[in-house]
Amino acid sequence: AWRALAAGAPGPEQPPAAAPRAISRLVMATDLMDLADDRASGALRAAAAALGDRLGLPVVEMPLAGAGQLEAWREGFRVLQQVEAWRSDGDWITSREPALGPGVAARFARARSTNPADARRALDVRADIFRAFERVTGEGGVMVQPTASGPAPPLVTGQATQAAGGDQAPSGDRAASGNRPAGADQASGREVAAKEDVRVRTLTLTAPAGMAGAPVVSLPLALVDDLPVGLALVGRPGDDGVLVALAEDAAPSWTLIGS
């Protein structure tokens, strides 16, 4: 698959591709690594070091953003996402009133009330992101960061599963209304909060590359509780072939590194 991607030729309507950049180092974005779960962060740092050894590239560490910038970039991305989501799906949601999960419903409610003018102002943060990527990927650098904040979360947390009937409480402990066990609403609230925390941290991780139009290749190089966690290679716009080539070079010796 990697070879097929690497061999893809530009179509006749596209300008000739520029010569690929020479890559001389991997740059670990320390502030993005810190957003991963503790165990995932340790496994990913070890995976980045092993990847550097495999590719014969030094791994240097530096933050991508300045103080408070990651949050500002995430919020700029969120505003753009909300405006585009409502533009795409708002009419359908208004006319059909579908049953949505609480998190999705809340996000669409925010999208409905977002002023499209805010999206135009959010584009201003892109200049800061471009400058940050120019600094980190300069001198032949490719950035490495977590693909997400940790392994994919379970659909239902252990506590919520138990409260929802995994190990059902005696009937006398059930809530008075309906058949929901006592504490089910509280457990459901914890579940929603836990998933939102994962979502916010992952959005903070992925927003910079998305706003910059930077290519990303995710390599499942780490394991946490026997679940894969991705290490992402992030380049400059136009580095697609460079990233695919690096992934192809690493593929023969991929070794999953556990936490």
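Since the model is a prediction, treat every value here as computed from it, not as a measurement. Counting begins at 1 with the first residue of the sequence.
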Quick one, Leu246 with Val142, criterion side chain to side chain contact (heavy atoms under 4.5 Å, CB included). Give me CA distance, side-chain angles, the key distance, then yes/no. CA-CA 10 Å; Leu246 289 175; Val142 162; 4.0 Å; yes
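- Side-chain contact between Trp86 and Thr94: present, with at least one pair of heavy atoms (C-beta onward) separated by less than 4.5 Å.
- Linking Ile, Leu, Val, Met, Phe, Trp and Tyr residues whenever their side-chain heavy atoms come within less than 4.5 Å leaves Phe130 and Val125 in two separate clusters.
- A distance of 8.5 Å separates CG of Leu44 from CG of Leu221, quoted to the nearest 0.5 Å.
- The shortest heavy-atom contact between Leu219 and Ala247 is CD2-CB, 3.7 Å.
- Residues Leu55 and Val217 are members of one and the same hydrophobic cluster, defined by side-chain heavy-atom contacts under 4.5 angstrom among Ile, Leu, Val, Met, Phe, Trp and Tyr.
- At least one donor-acceptor pair under 3.5 Å links the side chain of Arg236 to the backbone N or O of Glu134.
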- With side chain to side chain contact (heavy atoms under 4.5 Å, CB included) as the test, would you mind laying out the steps for Ser218 and Leu231 before giving the verdict? CA-CA 6 Å; Ser218 179; Leu231 181 72; over 6 Å; no
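- Ser88 places no side-chain N or O within 3.5 Å of a backbone atom of Ala85 that could act as its donor or acceptor partner.
- Between the CZ atom of Phe108 and the CG atom of Asp89 there is a distance of 4.5 Å, given to the nearest 0.5 Å.
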* For the pair Leu233 and Met143, evaluate side chain to side chain contact (heavy atoms under 4.5 Å, CB included) and give the outcome as yes or no after the intermediate values. => CA-CA 6 Å; Leu233 303 179; Met143 190 173 77; over 6 Å; no
Exercise for the section: Might you work through the salt bridge (Lys or Arg N to Asp or Glu O under 4.0 Å) test for Arg78 and Glu75, ending with a clear yes or no? Expected result: CA-CA 5 Å; Arg78 193 198 297 264; Glu75 291 310 306; 3.4 Å; yes
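- The heavy-atom pair separating Ala40 from Gly150 by the smallest distance is CB-CA, 4.1 Å.
- Under a cut-off of 6.0 angstrom, the local environment of CG in Asp53 is crowded, with over 12 non-hydrogen atoms contributed by other residues, nucleotides or ligands.
- With salt bridges taken as basic N to acidic carboxylate O contacts below 4.0 Å, one links Arg107 and Glu196.
- Separation of atoms OG1 (Thr206) and CH2 (Trp73) is listed at 13.0 Å; rounding is to 0.5 Å.
- In the displayed structure, Asp124 atom CG is contacted under 6.0 Å by more than 12 heavy atoms of other residues, nucleotides or ligands.
- Annotation: side chain to side chain donor-acceptor pair (under 3.5 Å) contacts of Arg131 (sequence neighbours excluded): Asp128.
- Within 6.0 Å of CZ on Arg112 lie no more than 12 heavy atoms contributed by other residues, nucleotides or ligands.
- The hydrophobic clustering, which links ILVMFWY residues whose side-chain heavy atoms are closer than 4.5 Å, places Phe133 and Met62 together.
- Distance alone, capped at 3.5 Å, places no donor-acceptor pair between the Glu84 side chain and the Gln81 backbone.
- For the pair Trp92/Pro98, a side-chain contact is recorded, criterion being any heavy-atom separation below 4.5 Å from C-beta on.
- One hydrophobic cluster, built from ILVMFWY side chains closer than 4.5 Å, cannot hold both Val200 and Val104; they sit in different ones.
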Ignoring hydrogens and angles, write down the donor-acceptor pairs under 3.5 Å from the side chains of residues 19-37, residues two or more places apart or on other chains.
from  : atom 1 : to     : atom 2 : distance (Å)
Arg21 : NE     : Asp239 : OD1    : 3.3
Arg21 : NE     : Asp239 : OD2    : 3.1
Arg21 : NH1    : Thr137 : O      : 3.0
Arg21 : NH2    : Gly141 : O      : 2.9
Arg21 : NH2    : Asp239 : OD2    : 2.6
Ser24 : OG     : Glu139 : O      : 2.8
Arg25 : NH2    : Gly138 : O      : 3.1
Asp31 : OD1    : Leu64  : N      : 3.0
Asp31 : OD2    : Leu64  : N      : 3.2
Asp31 : OD2    : Ala65  : N      : 2.9
Asp34 : OD1    : Arg45  : NH2    : 3.1
Asp37 : OD1    : Arg201 : NH1    : 2.8
Asp37 : OD1    : Arg201 : NH2    : 3.0

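- Residues Pro237 and Ala212 share a closest heavy-atom pair of CG-O, 3.6 Å.
- For the pair Val229 and Thr147, the minimum side-chain heavy-atom distance is 4.5 Å or more.
- For Gly235 against Leu243, the heavy-atom pair with the smallest separation is N-CD1, 3.7 Å.
- Leu203 and Val83 fall into different hydrophobic clusters, where Ile, Leu, Val, Met, Phe, Trp and Tyr residues are linked whenever their side-chain heavy atoms come under 4.5 Å apart, directly or through other members.
- Of all heavy-atom pairs between Leu51 and Ala250, the closest is CD1-CB, 3.4 Å.
- Heavy-atom minimum distance, Val59 versus Ala49: CG2-CA, 4.4 Å.
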